[in-house]
Undergrad: 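Structure below; questions to follow.
All chains are named by letter (A, B, ...) in the order of the sequence lines, taking the proteins before the strands, and each is independently numbered beginning at 1.
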Protein chains: 2
Amino acid sequence: MKTSLVAVDFHGQGCADCAVRGFSVCASLDQFEMREFEQLSRRVSFGSCETVFAQEDTSSCFYNLLDGVMRLYKLLPDGRRQIVGFVLPGDFVGMTTEERHGFSADAIGPVTVCQFAKLPFGRFAEDKPNLLRRMNQLAVQELNQARDHMVLLGRRSAEEKVATFLVGWRDRLVELRGPSNIVPLPMSRQDIADYLGLTIETVSRTFTKLERDGVIVILPGGVSLRDSARAEALAAA
Amino acid sequence: MKTSLVAVDFHGQGCADCAVRGFSVCASLDQFEMREFEQLSRRVSFGSCETVFAQEDTSSCFYNLLDGVMRLYKLLPDGRRQIVGFVLPGDFVGMTTEERHGFSADAIGPVTVCQFAKLPFGRFAEDKPNLLRRMNQLAVQELNQARDHMVLLGRRSAEEKVATFLVGWRDRLVELRGPSNIVPLPMSRQDIADYLGLTIETVSRTFTKLERDGVIVILPGGVSLRDSARAEALAAA
DNA sequence: AACAGTCTTTGATTCAAATCAATGCAAAGC
DNA sequence: GCTTTGCATTGATTTGAATCAAAGACTGTT
């Protein structure tokens, strides 16, 4: 919840050796464009639980996550929280035409982002169809995810929600780090609850039930998907 | 649920006199581009409850709604349904990079759309930054709406859900047709329930409660927002 | 006007998840 | 080593919305 900035580097260590170069927005840029793009960005790091930007903040920057995990969430006036997404390296965050972000983002564990000021970024992107198409693709992808999540929130049981979350999170990590059924869960139970529209107690009970049923094994800091097929069945059903 | 096509015109009656010309995707096109664009589109009409496209269909077209109202929804294998949005004139539907649509769209009452084949549209848009930026804007707008809806689905009570829906729907109609607190509801109670993650009975009871509390008056085919402020308070809270 | 068919409303009852209330557990600090 | 602190789990109880079950109210048709 704090908002102190922890570390800043000058214009990153170059984009050429950037960990997310190959699959992020910037994948759409050629060598020369990349040079120019590099000048617009700064690497910034945040400590665990620090706020990268808040719901009510003027949206002056875009962010490309380089390392770590973030949560995006919306708060109701009375404090109820809905997490609208978890962010992994390569994800592009903060695209909006609105004056304000409309949701908050904070670090789950230490995080490094590639930050762009909105205006120069806009000017740069303005006449670059490649980049615009790529941004479109990312927006549409997110929209599809958002719609899937609506189905989950509106129409699925607690057990289906948790199973869907675990399978989906595993799949995202597999894409990033290669296949494994060990699923690290850097976020808290409360985060998971607020993502799935449940309470922390229900999440905990559901984890326990899934373990009793031999679907998962609960580990410190994550779970192992013991019976991946059964979890996937719950997620699909 | 049927899928028979009801009427086709040749290349529309021109875009110049199109009802949604001013605020849809095409608002970003100049006079000359518009001419070319016109050639890519066909006006197509659908009868009440006909399916414009289905979840599992190959996504070969984009649609711009000209007249009527559509519902967009996803079905789970066991038949549970989540409506992910209602579509009003000017809304652009079907943007996706995926092979399949991933959600279904059908007409609520008679509907006219402006239909584009995906491939020629893609070729046309490819090098038009204006159009690409406009599409981006629309996608991001929808994403924001989707996130708001996640909060509603995950964290709000039945009464808040219904009030939020009524206020939001009124606001969209106001934008389209000018100010009024008479809110036509062309969709069924079942549709509203599937949009809000409730059952039809709960929606009905909540309408009744809101009427008892003097917030709305239930009319045939809609409601009147009697105490708009109270409804907005419920929606914000 | 009467009928069928489809929605909508209302009532009674059940149930899944929330709430309330401890207890357990592990890392951080003294 | 022993507290403190902040999660996470488990248990007991409540509750908001779902389910089950009729009864009304429209719409369109004959």
Side-chain angles (χ1 to χ4, degrees), chain A residues 1-2 47-49 71 76 78-82 108-109 152-166 184-213 216-223 234 237, chain B residues 1-2 47-49 71 76 78-83 108-110 152-166 184-213 216-223 234 237:
Chain A
M1 297 280 173
K2 300 156 285 174
S48 193
C49 290
R71 59 176 163 253
L76 291 173
D78 64 1
R80 280 174 289 177
R81 183 178 72 154
Q82 176 67 45
I108 298 175
L152 176 141
L153 290 170
R155 286 292 177 237
R156 322 202 78 177
S157 69
E159 193 177 19
E160 291 172 338
K161 284 177 174 181
V162 170
T164 305
F165 165 67
L166 291 175
L185 297 172
M187 68 290 285
S188 70
R189 292 288 188 271
Q190 186 63 65
D191 286 340
I192 298 175
D194 286 346
Y195 182 58
L196 300 177
L198 298 171
T199 58
I200 186 174
E201 294 95 331
T202 299
V203 170
S204 186
R205 281 186 243 277
T206 307
F207 268 73
T208 306
K209 176 171 192 308
L210 288 174
E211 184 167 53
R212 229 178 17 242
D213 295 351
I216 63 172
V217 178
I218 300 172
L219 306 171
V223 302
L234 278 168
Chain B
M1 300 278 176
K2 301 157 283 176
S48 194
C49 289
R71 60 176 160 251
L76 291 173
D78 64 1
R80 280 175 289 177
R81 184 177 72 154
Q82 176 67 45
I83 291 188
I108 297 176
L152 177 141
L153 290 170
R155 286 290 175 238
R156 321 203 78 177
S157 70
E159 193 176 18
E160 290 171 339
K161 283 177 175 183
V162 171
T164 305
F165 165 67
L166 290 175
L185 296 171
M187 68 292 285
S188 69
R189 293 287 189 271
Q190 185 64 64
D191 286 340
I192 297 174
D194 286 346
Y195 182 58
L196 300 177
L198 298 170
T199 59
I200 184 175
E201 293 94 331
T202 299
V203 170
S204 185
R205 279 186 246 276
T206 307
F207 269 72
T208 305
K209 176 171 191 308
L210 288 174
E211 184 167 53
R212 225 177 21 240
D213 295 351
I216 63 172
V217 178
I218 299 172
L219 307 170
V223 302
L234 278 168

Undergrad: Taking atom CZ of B:Arg205 and atom OG1 of B:Thr199, what is their separation to the nearest 0.5 Å?
TA: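 Between atom CZ of B:Arg205 and atom OG1 of B:Thr199 there are 7.0 Å.
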
Undergrad: What one-letter contact string describes nucleotides 9-25 of chain D from 5' to 3', where B marks a base within less than 4.0 Å of any protein heavy atom, S marks contact via sugar-phosphate atoms alone, and - marks no contact?
TA: BBBB----SSBB-----

Undergrad: Atom CG of B:Leu185 to atom P of C:dC7: distance rounded to whole Å?
TA: 16 Å

Undergrad: In this structure, how many angstroms lie between the P atom of D:dC7 and the CD1 atom of A:Ile192, rounded?
TA: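 These atoms are roughly 14 Å apart.
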
Undergrad: Hey, mind stepping through B:Leu152 and B:Tyr195 against side chain to side chain contact (heavy atoms under 4.5 Å, CB included) and telling me if it holds?
TA: CA-CA 10 Å; B:Leu152 177 141; B:Tyr195 182 58; over 6 Å; no

Undergrad: Show your working on side chain to side chain contact (heavy atoms under 4.5 Å, CB included) between A:Arg156 and A:Leu234 and close with a plain yes or no.
TA: CA-CA 10 Å; A:Arg156 322 202 78 177; A:Leu234 278 168; over 6 Å; no

Undergrad: NZ of A:Lys209 versus P of C:dA17: gap in Å, rounded?
TA: 11 Å

Undergrad: Check the distance between C:dA16's C1' and A:Glu160's CD and give it to me in whole angstrom.
TA: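 The distance from CD of A:Glu160 to C1' of C:dA16 comes to 13 Å, rounded to the nearest Å.
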
Undergrad: Is there side-chain contact between A:Asp194 and A:Arg71, with at least one heavy-atom pair below 4.5 Å?
TA: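 They are not in contact (no side-chain heavy atoms under 4.5 Å apart), so the answer is no.
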
Undergrad: Take atom CG of B:Leu219 and atom C1' of C:dT9, then tell me their distance rounded to the nearest Å.
TA: 16 Å

Undergrad: What residue among B:Val217, B:Leu185, B:Val162 forms side-chain contact (heavy atoms from CB on, under 4.5 Å) with B:Val223?
TA: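 Going through the options one by one, the only one that passes is B:Leu185.
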
Undergrad: About how many Å separate CD of B:Gln82 and CZ of A:Arg155, when rounded to the nearest 0.5 Å?
TA: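 Here the interatomic distance stands at 6.0 Å.
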
Undergrad: Within this structure, what is the CG-to-C1' distance between B:Asp194 and C:dC7, rounded to whole angstrom?
TA: 14 Å

